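These numbers come from a predicted model, not from an experiment.
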Amino acid sequence: MANRYSTSYRMNRIFREDRAALVVPIDHGLVWGRVPALEAPVEVMRRFLPEDITGFMVSTGIVKASEVLLARAPAMSRILAIDAFWPTSAPATGTGCLVASVEDAVRMGVDCVKLLLPWNVVDEEKVNYCQRIGTVVSEAAKWHIPVMVEPVFLNTPRSPEIIEKELEVARVGYDLGADIIKITFPGPDATAKLCAELDIPVVVAGGPLSGDSASTLRDVKDAIDAGAQGVVVGRKVWQRPPEEAAEVIAEMARITRTSFSRRW
């Protein structure tokens, strides 16, 4: 379906016509510090640049450290995380803030900004997040920068009840003006429901390393079959042994091409 995104330069860098997006996130240090297997994030970027991926999710520091590297790979999209929440282990007492601005994103030449939308926080923090996202959406519109919003329940085991609540919070993000919703895979039926209801690109996050590679690949295929326009998979790939990681990312790339159906 043609809509206002169809002629957007940056959206079309993130979402290509012939495949689902396959984004490798390496921005985890913003909230978790020195993550195992991501101690040197630009080296992880170097590992995956030759693979059949479409881009990276990054932090300001990574953008600065990889400017020359990415200038040589202009087809790679970059999604900039511009906020953080500390501590993720204590959502009832933690707090979030912006760590970069839309103007920073424009200056650094990235394609999209991404913000969290934690919802198992106190009401005052919910208000702060909604106000923050609304302000970013307004500012981003001036520069034609897409805004990705990630509904999340921090440090909470996933259950059918939590998954249903995440879908509700995704609607909050949509109404705040998000151009893209990023959500931890809620299952194929819920993904299809969300894609149909919102009619904006939905991308599915991989989450922490768990299970074998076959289960990860099955989730990726189910998500794209259900209408997801991309997957954002980091720890489930780069925390695996290098040879296995290369095999997994290659198979994900194949799935993004063979199971994809463009929805916008």
| said: Using a 6.0 Å distance limit plus a 45 degree cone around the ring axis, check whether R132 lies over the aromatic ring of Y129. | reply: yes
| Ion pair E17/R262, N-O distance below 4.0 Å | no
| request: Answer yes if L194 and V172 sit in the same cluster of Ile, Leu, Val, Met, Phe, Trp and Tyr residues linked by side chain heavy atoms under 4.5 Å apart, and no otherwise. | output: yes
| said: Quick check against the 3.5 Å criterion: does D104 have a side-chain atom that pairs as donor or acceptor with the backbone of A100? | reply: no
| field | Side-chain ion pair, D52 and R19, N-O less than 4.0 Å | value | yes
| task | Look at R171 together with D175 and state whether they make a salt bridge at an N to O cut-off of under 4.0 Å. | result | yes
| task | Can you sort out the partners of W143 under ring-ring contact (aromatic ring centres under 6.0 Å, His included), two or more places apart, ordered by chain and number? | result | none
| Sidechain-backbone polar pair: R257 side chain, A20 backbone, donor-acceptor under 3.5 Å | no
| said: Quick one: does any side-chain atom of R78 pair with a main-chain N or O of G109 as donor and acceptor, under 3.5 Å? | reply: yes
| Presence of salt bridge, K165 and E168, under 4.0 angstrom | no
| Can you tell me if R10 uses its side chain to pair, donor with acceptor, with the backbone of H144 under 3.5 Å? | yes
| task | Indicate yes or no for a side-chain donor-acceptor contact from T191 to the backbone of F185 under 3.5 Å, with no hydrogens or angles considered. | result | no
| Does a donor on one side chain and an acceptor on the other come within less than 3.5 Å for N120 and T156? | yes
| task | For E103 and S101, test the side chains for any donor-to-acceptor distance below 3.5 angstrom and give the result as yes or no. | result | no
| task | Take atom CD of E244 as the centre, draw a 6.0 Å sphere, and report whether it contains more than 12 heavy atoms from other residues, nucleotides or ligands. | result | yes
| Where the side chain of Q229 meets the backbone of S261, is there a donor-acceptor pair that is under 3.5 Å apart? | yes
| field | Distance-only donor-acceptor check, side chains E125 and T95, under 3.5 Å | value | yes
| query | Hey, are R13 and D111 close enough for a salt bridge, meaning a charged N less than 4.0 Å from a carboxylate O? | reply | yes
| field | Backbone of L98 reached by a side-chain donor or acceptor of D83 within 3.5 Å | value | no
| query | What closest approach, in Å, do L30 and W86 show between heavy atoms, and which atom pair accounts for it? | reply | O-NE1, 3.0 Å
| query | Would you call E166 and R158 a salt bridge, taking side-chain N to carboxylate O under 4.0 Å as the test? | reply | yes
| field | N/O donor-acceptor pair under 3.5 Å between S215 side chain and D212 backbone | value | yes
| query | Any donor and acceptor pair, going by atom type alone, linking the side chain of R254 with main-chain N or O of A250 inside 3.5 Å? | reply | no
| query | Just by distance, with hydrogens left out, do T216 and D219 show a side-chain donor and acceptor under 3.5 Å apart? | reply | no
